[in-house]
Amino acid sequence: MPEGHSLHRLARQVDDVFGGRRVRASSPQGRFTEGAALIDGRVLERAWAHGKHLFADIEGGRVLHIHLGLYGAVSFGGDRTFTAASSIGAPRRIGERELPGLGDRVEIGDADDDDPRPAPGSGQEKLVCGVSAARVPALVAPAPRDTVRLRLQTVHGWADLIGATACQLLTRQEADVLLARLGPDPLNDDAPDAFVDRASRTRRPIGAVLMDQSMVAGVGNIFRAESLFRAGLDPWTPAREVGEQRLTALYRDNGELMRMGVRLGRIVSTTREHRAAAPGGGRPSYYVYKRQGQACLVCRRETIVVEEMAARKLYRCMVCQH
DNA sequence: CATCCATGCAGAA
DNA sequence: TCTGCCTGGATGG
């Protein structure tokens, strides 16, 4: 269930752990044996992301390209020199979760100040295989489960990729072709212009345009639902009727939400005030996503509905979004 | 146990 | 618009 924030966290983690280091690579599952052999023993120079795509520059000029799709995830494990063991991507077993980054302090008022999970480095966090890294003096990588498409490893730790839609080695030119198909990524500080220019010329609903990775990269179903609610926009509004100013604001707000997601390791769209005053209690992270039939945090009426748009669930408040 | 479902997307129809 | 990829948690019997 990875949206752009997860891929940027993943890129950061892979870069922290493997960047500039010689890595071992293998494909226990067998579907990336050739690629793994080409990576094995080379330096992983740098890991980076654009939208929902992860890239890693490999010594010699090739580029590892990973797309997690709907099911993909990477679990990390290792000794203390690893930032924090965690799993990034689709939700997995309890204890394999995305964790806020080490040393990150949540400062913004909208951010969660009540995250129930233990802080990384506290020794309380649960790590892959149920083993706390703090208690492991030397690295002993567990045998990978047989669904692991790619295992990367150094003397300090490992990363296991499962369930990915794409895991391939590209030439630099092939990577450029792929990048050219993607729109600007708010998490890479790309200007909104390309998104605004194209969106203001199409009659397609703004809800569909936001999900189109060639229009803006990294927005998924949750960011779509939540950013449109925050903007008070009906997802079915033709994009060209939204206006350049609101399109720009929408792009920037998606950037805000995604940066928050990078810091927290999960998406929190509601303001602290709205969370605290939620009808029926609880501290919901979302305004509309998967909240159909419940009371809206803003208008407090039971006006949140779920529909389908292009074969994906679409959530909105019938009162607050026009 | 079986079945459904998902924060995604390419390719066929 | 529909199907398939590919994984595991949630749900229901």
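The sequence lines fix the lettering, A, B, ..., with proteins before strands; numbering per chain opens at 1.
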Ignoring backbone atoms, establish whether [X] has a side-chain N or O less than 4.0 Å from OP1 or OP2 of [N].
X	N	value
R149(A)	dT7(C)	no
K52(A)	dC9(B)	yes
Q213(A)	dA10(B)	no
R312(A)	dT7(B)	yes
H67(A)	dC9(B)	yes

Rounded to the nearest angstrom, tell me the gap between atom [atom1] in [X] and atom [atom2] in [N].
X	N	atom1	atom2	answer
F223(A)	dA6(B)	CZ	P	18 Å
L182(A)	dG8(B)	CG	P	14 Å
I66(A)	dG8(B)	CD1	P	18 Å
R266(A)	dA6(B)	CZ	P	21 Å
H53(A)	dG8(B)	NE2	C1'	9 Å
L150(A)	dT7(C)	CG	P	14 Å
L54(A)	dG8(B)	CG	P	16 Å
M211(A)	dG8(B)	CE	C1'	8 Å

Over 12 non-hydrogen atoms of neighbours within 6.0 angstrom of CZ in R204(A):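 Counting neighbours around CZ of R204(A), more than 12 heavy atoms of other residues, nucleotides or ligands fall under 6.0 Å, so yes.
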Greater than 12 external heavy atoms within 6.0 Å of R259(A)'s CZ: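 More than 12 within 6.0 Å, yes.
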F223(A) and H5(A) aromatic ring geometry - parallel, tilted or perpendicular at 30°/60° bounds: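 Rings of H5(A) and F223(A): perpendicular, as their planes differ by over 60°.
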H53(A) and H67(A) aromatic ring geometry - parallel, tilted or perpendicular at 30°/60° bounds: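 Rings of H67(A) and H53(A): perpendicular, as their planes differ by over 60°.
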What distance, rounded to whole Å, do you find between the two [atom1] atoms, one in [N] and one in [M]?
N	M	atom1	result
dT11(C)	dT7(B)	P	15 Å
dG9(C)	dC9(B)	P	23 Å
dC5(B)	dT3(C)	P	15 Å

Heavy-atom pair of closest approach, residues G20(A) and V43(A):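 Closest approach of G20(A) to V43(A): C-CG1, 3.6 Å.
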Centroid-centroid under 6.0 Å between Y287(A) and H274(A) rings: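 Y287(A) vs H274(A): aromatic centres under 6.0 Å.
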Is [X] touching bases, backbone alone, or none of the nucleic acid, heavy atoms closer than 4.0 Å?
X	value
E308(A)	nothing
R224(A)	nothing
T147(A)	sugar-phosphate

Ring pair (Phe, Tyr, Trp, His ring centres under 6.0 Å) partner of Y315(A), the single match among Y289(A), F229(A), Y286(A):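 So, applying the ring pair (Phe, Tyr, Trp, His ring centres under 6.0 Å) to Y315(A) and each of Y289(A), F229(A), Y286(A), only Y289(A) qualifies.
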Between [options], which one does the side chain of [X] approach most closely?
X	options	value
K290(A)	dG8(C), dA6(B), dG8(B)	dA6(B)
R181(A)	dA10(B), dG8(C), dG8(B)	dA10(B)
Y289(A)	dG8(C), dA6(B), dG8(B)	dA6(B)

Test log, rule side-chain contact (heavy atoms from CB on, under 4.5 Å), inputs L169(A) and V63(A): CA-CA 6 Å; L169(A) 263 187; V63(A) 182; over 6 Å; no
Each stem that DNA chain C is part of, given as range with range (3 or more consecutive Watson-Crick or G-U pairs, under 3.5 Å):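 The stems are B:1-6 with C:7-12, B:8-12 with C:1-5.
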